[in-house]
Amino acid sequence: MAAVDSGVGTEAGPAHAILLNDRASKWLGIEVLEVANGHVVIAMTLREEMMNGFGSTHGGMIFAFADSAFAMACNPPGGDGDSVTVASGVDINFLTPTHTGQRLTAVATLRQQQGRSGLYDVQVFTGDADSPTVVAEFRGRSRTIPKKHPH
């Protein structure tokens with residue numbers, strides 16, 4: 001799928017309007033590789049401060065990474081002034097550990113949309129496109145709600 005320029009990108013690649021104020025995704029070091037309505041591909045490199053006491057990546061870091069992909073897939077790349085789509089519930093399965101220095105990629109895709117409710121799948125993997133290793137599977141349920149405007 002071709003990248004969409006949302007007008008908020010950088011010279012490094014496409015971006016997403018949701019990232020303008022997303023400090024958590026910035027801290028994670030997330031890069032947007034591909035973005036379109038209902039679909040996103042992002043990447044990040046695991047750092048030492050993301051590891052748990054066992055020397056593997058803290059599950060919360062993998063979850064946050066997948067959740068960021070989910071949020072970008074749920075919301076239009078250029079933003080929408082009237083509504084936002086948020087998580088109504090998620091499930092994640094961790095399949096194999098990861099470690100400092102590994103690069104993760106997440107692919108988030110809309111599976112079903114019925115009215116204001118949606119269902120999305122996010123696959124997180126390491127390795128290259130020719131031989132990826134799936135490290136987590138995330139399923140998100142979304143709900144579109146009116147955007148709250150400051151008074």
Side-chain angles (χ1 to χ4, degrees), residues 1 3-6 8-80 83-113 117-145 147-148:
M1 206 173 264
V4 174
D5 182 2
S6 66
V8 294
T10 66
E11 292 180 23
H16 198 289
I18 203 168
L19 294 174
L20 288 173
N21 296 309
D22 186 342
R23 292 186 178 119
S25 291
K26 183 176 181 178
W27 181 85
L28 288 170
I30 290 175
E31 302 166 47
V32 179
L33 304 179
E34 187 177 311
V35 62
N37 286 326
H39 177 80
V40 70
V41 179
I42 62 173
M44 77 173 188
T45 301
L46 295 169
R47 302 185 311 267
E48 186 176 328
E49 65 267 27
M50 296 174 171
M51 300 302 116
N52 63 24
F54 301 114
S56 59
T57 308
H58 191 290
M61 299 296 115
I62 305 295
F63 181 92
F65 179 60
D67 190 49
S68 289
F70 172 45
M72 284 183 251
C74 288
N75 289 279
D80 178 351
S83 64
V84 294
T85 302
V86 296
S88 63
V90 300
D91 297 297
I92 190 165
N93 292 292
F94 301 107
L95 304 172
T96 190
T98 54
H99 304 281
T100 301
Q102 286 185 291
R103 187 161 174 82
L104 298 182
T105 303
V107 179
T109 304
L110 171 65
R111 294 293 176 213
Q112 283 293 322
Q113 182 78 41
S117 298
L119 184 64
Y120 293 78
D121 284 335
V122 182
Q123 189 174 58
V124 179
F125 60 92
T126 60
D128 59 32
D130 294 331
S131 60
T133 299
V134 178
V135 300
E137 294 276 353
F138 175 110
R139 173 153 279 189
R141 296 169 301 283
S142 70
R143 186 75 171 170
T144 301
I145 60 174
K147 186 173 185 178
K148 294 182 180 181

Quick one, Asp121 and Thr109 - any side-chain contact, counting heavy atoms below 4.5 Å? no
In short, Val40 meets Ala73 closest at the heavy-atom pair CG1-N, 4.0 Å
Do Ile42 and Val32 come within less than 4.5 Å of each other through their side chains, counting heavy atoms only? yes
Side chains of Glu137 and Ile92 in contact at under 4.5 Å (non-hydrogen atoms): no
Minimum heavy-atom distance Pro132-Phe125, with the two atoms named: CB-CD1, 3.4 Å
Start with the C-alpha gap between Met50 and Ile62, add the side-chain angles, then the distance that decides, and say whether side chain to side chain contact (heavy atoms under 4.5 Å, CB included) holds. CA-CA 9 Å; Met50 296 174 171; Ile62 305 295; over 6 Å; no
Indicate yes or no for a side-chain donor-acceptor contact from Thr85 to the backbone of Ser142 under 3.5 Å, with no hydrogens or angles considered. no
Nearest non-hydrogen partners of Met61 and Met44, listed with the distance: O-CE, 4.1 Å
Taking the side chain from His16 and the backbone from Ala71, do they hold a donor-acceptor pair closer than 3.5 Å? no
Counting only heavy atoms from other residues, nucleotides and ligands, does the tally under 6.0 Å from CD of Glu48 exceed 12? no
Minimum heavy-atom separation for Arg103 to Ala43, with atom names? NH2-CB, 3.3 Å
Give the minimum heavy-atom separation between Arg143 and Ser88, together with the two atoms involved. CB-CB, 4.4 Å
Indicate the atoms forming the closest heavy-atom contact of Ala69 with Val122, along with that distance. CB-CG1, 4.1 Å
Gap separating the CZ atom of Arg141 from the CZ atom of Phe70, nearest 0.5 angstrom: 8.0 Å
Leu46 and side-chain contact (heavy atoms from CB on, under 4.5 Å): which partner among Leu104, Leu28, Thr100? Leu104
Should Pro97 and Thr57 count as side-chain neighbours, where that means a heavy-atom distance under 4.5 Å? no
Assess the pair Phe63 and Phe138: is the distance between their ring centroids shorter than 6.0 Å? yes
Please tell me if the side chains of Ile30 and Met72 come closer than 4.5 Å, counting only heavy atoms from C-beta onward. yes
In Å and rounded to the nearest 0.5 Å, what is the CD to CH2 distance from Glu49 to Trp27? 5.0 Å
State, with a plain yes or no, whether a side-chain heavy atom of Gln113 is found less than 4.5 Å away from one of Tyr120. yes
